[in-house]
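Since the model is a prediction, treat every value here as computed from it, not as a measurement. Chain naming here is simple, since letters A, B, ... match the order of the sequence lines and numbering starts at 1 in each.
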2 protein chains.
Amino acid sequence: MARREATKAEILDAAWDIVRAEGLAALSLRDLAKRVGMQAPSLYQYYDSKNAIYDAMFAEGNRQLLARYTKLRETDDPIRDLRVGARLFVEFCAEDAARYQLLFQRTIPGFEPSPESYAVALEVFDLGRGRLARAGFAEKRAMDLWTAMVAGLSAQQIANDPGGTRWLRLVDEVVDMFVQHMTRNRRRP
Amino acid sequence: MARREATKAEILDAAWDIVRAEGLAALSLRDLAKRVGMQAPSLYQYYDSKNAIYDAMFAEGNRQLLARYTKLRETDDPIRDLRVGARLFVEFCAEDAARYQLLFQRTIPGFEPSPESYAVALEVFDLGRGRLARAGFAEKRAMDLWTAMVAGLSAQQIANDPGGTRWLRLVDEVVDMFVQHMTRNRRRP
DNA sequence: GTCTATATTTGGATAGAC
DNA sequence: GTCTATCCAAATATAGAC
């Protein structure tokens with residue numbers, strides 16, 4: 001039935017509302033049920049446990065990110081694509097701190113994503129790696145450097161200027177710095 | 001009495017043991033009391049609340065970091081000092097994920113550091129800013145770029161290679177990349 | 001200063017009626 | 001499929017005896 005899927009989606013939406021307002025760790029089944037007009041035990045008709053809800057949120061967040069990435073069409077300027085992609089990522093992180101915490105930090109004791117959900121996260125990662133390789137940076141070291149810089153911009157933006165653009169507007173500069181550095185040091189021991 | 005201070009320190013040590021083993025959010029007064037051989041209510045003789053314990057841990061963590069920084073004596077090569085300082089920071093973060101979470105992320109609902117504890121964190125920040133200025137990078141933009149890169153290396157090291165050196169060993173390269181970039185783009189609009 | 005006892009709240013999860 | 005009732009566990013915090 002589509003009805004069931006609609007209810008599951010409604011529950012997830014309410015869960016996002018709660019974690020955005022109260023913090024990721026503050027999610028409780030009672031609050032969640034109240035918000036969708038149910039009693040708490042009824043939630044178990046839709047999700048097997050609280051962690052199953054976190055897991056569905058994890059997968060959904062990664063699918064959102066994947067959707068934005070795939071919507072970006074590649075141009076004939078892969079460096080420009082890198083800038084756009086990096087900006088997309090930092091914006092995605094900055095617009096929802098709770099989601100960022102769920103997707104990229106491991107702060108909920110006892111929760112870890114299921115293999116199926118984690119597969120979506122891997123897809124995102126591989127897509128990013130592909131874009132980077134297409135720009136000429138296929139080595140593992142390049143990808144490690146790249147992820148560190150994008151992660152750092154995101155972390156600082158969220159932690160020290162939520163809602164602002166203080167680190168977001170450094171994205172282009174960082175990408176250029178990276179590209180120049182990697183180009184200059186190409187193929188050296 | 002020094003006895004009281006010794007007991008407070010013992011409690012803090014036990015709290016660090018717990019969060020390192022179980023996660024920052026998994027700290028409970030019952031477990032903590034058991035570990036120091038008390039009943040839970042007795043802890044209130046030493047700390048007013050659970051958040052007061054988090055607060056003391058926050059201050060202690062920052063004092064540890066500050067101590068390591070001040071132990072680094074400045075040389076006549078400020079760029080080299082930057083490398084050493086950045087490595088120190090990433091190592092400090094990587095060696096204790098729970099401490100990193102407490103000091104640099106805001107994941108405990110309802111906890112925020114007291115002004116006194118936060119003052120220590122500011123001291124750390126100012127010290128880093130001073131080192132960076134001494135190397136010739138005094139602009140706010142430079143500091144923002146710098147913190148993003150160091151934070152990114154730390155975050156990736158903790159999240160994706162705990163106990164390893166995969167991002168730690170990129171520190172020197174990142175510092176050089178930063179220095180070359182900032183030097184090249186110096187004094188431009 | 002430490003304890004026992006307990007208040008109070010909150011939470012995840014299950015049983016079983018309807 | 002939703003509810004009520006409840007279980008069970010865990011948690012912070014307080015009161016008051018010793």
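Closest to the side chain of A:Pro41, out of D:dT4, D:dT2, C:dG11, is D:dT4. Considering only side-chain atoms of B:Ser42, the nucleotide from D:dA11, C:dA13, C:dC3 that sits closest is C:dC3.
A:Ile79 approaches A:Val175 most closely through the heavy-atom pair O-CG1, 4.5 Å.
At a threshold of 4.0 angstrom between heavy atoms, the contacts of B:Ser28 are confined to the sugar-phosphate backbone, with no base atom among them. Residue A:Tyr47 is classed as having no contact, given no heavy-atom separation below 4.0 Å to the nucleic acid. Across all strands, B:Leu27 comes closer than 4.0 Å only to sugar-phosphate atoms, never to a base (heavy-atom distances).
For the pair B:Leu43 CG and D:dA13 P, the interatomic distance rounds to 11 Å; values are reported in whole Å. Protein atom OH of B:Tyr44 is 4 Å distant from nucleotide atom P of D:dA13, rounded to whole Å. Between A:Gln45 atom CD and C:dA13 atom P the separation is 15 Å, expressed in whole Å. For A:Lys50 and C:dG11, the NZ to P distance is 8 Å, given to the nearest whole Å. One interatomic measurement links the two molecules: CG of B:Leu32 to C1' of D:dA13, which rounds to 15 Å at whole-angstrom precision. One interatomic measurement links the two molecules: CZ of A:Phe111 to P of C:dG12, which rounds to 15 Å at whole-angstrom precision. Regarding A:Asn51, its CG atom lies at a distance of 10 Å from the C1' atom of C:dG12, rounded to whole Å. The distance between atom CD of A:Gln39 and atom P of C:dA17, rounded to the nearest whole Å, is 19 Å.
Using a 3.5 Å distance cut-off with no hydrogens or angles, the side chains of A:Arg30 and A:Gln39 do not pair a donor with an acceptor.
Cation-pi geometry between A:Arg99 and A:Phe92 is met: under 6.0 angstrom from the ring centre, within 45 degrees of the axis.
Using cut-offs of 30° and 60° for the angle between ring planes, the A:Phe111 and A:Tyr54 rings count as tilted.
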